[in-house]
Amino acid sequence: MNRPKFVYVTYIKTTADKLWVALTDPATMRKYWFGAFAETDWRPGSKWTLKFDDGRVADSGEILEAEPGKRIVIRWRNEWKEEIKAEGWSRCTMTMEPYQGVMKLTIEHEMEGDGTKFIEAVSGGWPRILSNLKSLLETGSVAYETKA
Amino acid sequence: MIDVSQFKPKTVYVTYIAATAERVWQALTDAAFSRQYFFGFAVEVEPKPGGRFRLLWPDGRVHVGGEVVEWTPPRRFSCSWLAEGMKDFGELPVCLVTYEIEQSGESVKLTMTESHSWDVPPAILAGGQQGWPKILSSLKSLLETGTPLAGANDGPPAGFVEAVRKAVAEKPWLK
């Protein structure tokens, strides 16, 4: 049985260290994530909260795995839209790998249950966020600035 | 021309690029650009519906052949697509590749959709799913920084060649 899942791969001209900072540092996140940022200490078992620009909680969850420069796994639930929150937990895996002199970043976002609204929402969001992340790391500015 | 109503989207890749729609269109349809980001292949298009579409190796051999289905600069470019230069692959049914370019805020949203007319096994779809992110990441870098990613083609994913061979032998699209 295949659970609803979104997969996105992007190749970024950067280093493993810079990519790790961009994925985990709140000030850097805000630049490419439309003002949103994570609050967590990035340790397995720690609480993870994604906040909007204005401080409202967007999503919540727990760090399941965090290996600097390589991999982050987050148990992730929507907190701001009732019908999406009702679908319950998802799991997001971010994998960082060196590839032909650049970094390959893979995002796999999968539901624990069988709801489809959450995955539809992140399928629209991730390409924007990751396009911005790539632009930020390669050019110093983002591609798409409109707030979420 | 192919009947596009028979084709269903199987792989979609979206990227946002800080460039004008015209520049993205040019990058998709001009060999001077495609050689830099598309594993060295030169794109060759007759700019009209029914026109010839090809991707050529540097020595001029054909890698992909097809026919232009839609040509609406700088918004939509669609063509049939068959990697006829690859062993066995040329005996598969053609697929349909569509590029859609939309203004989105200050940037351009580029959507690539690969559609098929038959029930393609995942191991064959994996070829495009491996290639498109490399190609379109490099295209974005080229337009935004002036330099593409290195992006050498490192061959098809595991199980791809076997899946193509099996499909060509069994021809499930005829059933």
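Values in this document were obtained by computation on a predicted structure and should not be read as measured data. Proteins come first, then strands; the chains are lettered A, B, ... in the order of their sequence lines, and each starts at number 1. Hydrogens, waters and symmetry mates play no part in the numbers below; they use all other heavy atoms, side chains included.
- In this structure, NZ on B/K109 lies 10.5 Å from OG on A/S131, to the nearest 0.5 angstrom.
- Counting only heavy atoms from C-beta outward, the side chains of B/Y13 and A/T10 approach each other to under 4.5 Å.
- Here CG of B/L149 is found 5.5 Å from CD of A/E138. Values are rounded to the nearest 0.5 Å.
- A/K104 is not listed as a side-chain neighbour of B/P133, based on a closest heavy-atom distance of 4.5 Å or more.
- Within a 6.0 Å radius of NZ in A/K85, more than 12 heavy atoms belonging to other residues, nucleotides or ligands are found.
- Proximity to chain B involves both the backbone and the side chain of A/V9, based on heavy atoms less than 4.5 angstrom apart.
- Side-chain atoms of A/Y8 and B/T15, non-hydrogen and from C-beta on, do get closer than 4.5 Å to each other.
- Annotation for B/D119: atom CG does not count as buried by contact number, only 12 or fewer foreign heavy atoms lying within 6.0 Å.
- A single hydrophobic cluster is seen to contain both B/L82 and B/M1, as judged by linkage of ILVMFWY side chains at heavy-atom distances under 4.5 Å, directly or through other members.
- B/W132 and A/I107 fall within the same hydrophobic cluster, defined by Ile, Leu, Val, Met, Phe, Trp and Tyr side-chain heavy atoms under 4.5 Å apart, directly or through other members.
- The hydrophobic cluster containing A/V21 does not contain A/M103, counting ILVMFWY residues as joined when their side-chain heavy atoms lie under 4.5 angstrom apart, directly or transitively.
- A distance of 13.0 Å separates NZ in A/K13 from OG in B/S137, rounded to the nearest 0.5 Å.
- To the nearest 0.5 Å, atom OH of residue A/Y11 and atom CG of residue B/L136 are 11.5 Å apart.
- At a cut-off of 3.5 Å, with distance as the only test, a side-chain donor of A/K134 or B/S141 sits close to an acceptor on the other residue.
- Residue B/L56 belongs to a hydrophobic cluster whose other members are B/V62, with links defined by side-chain heavy atoms closer than 4.5 Å.
- Listed options B/E144, B/Q130, B/Q129 were ranked by heavy-atom pairs under 4.5 angstrom with chain A; first place goes to B/E144.
- The hydrophobic cluster containing A/V57 does not contain A/I74, counting ILVMFWY residues as joined when their side-chain heavy atoms lie under 4.5 angstrom apart, directly or transitively.
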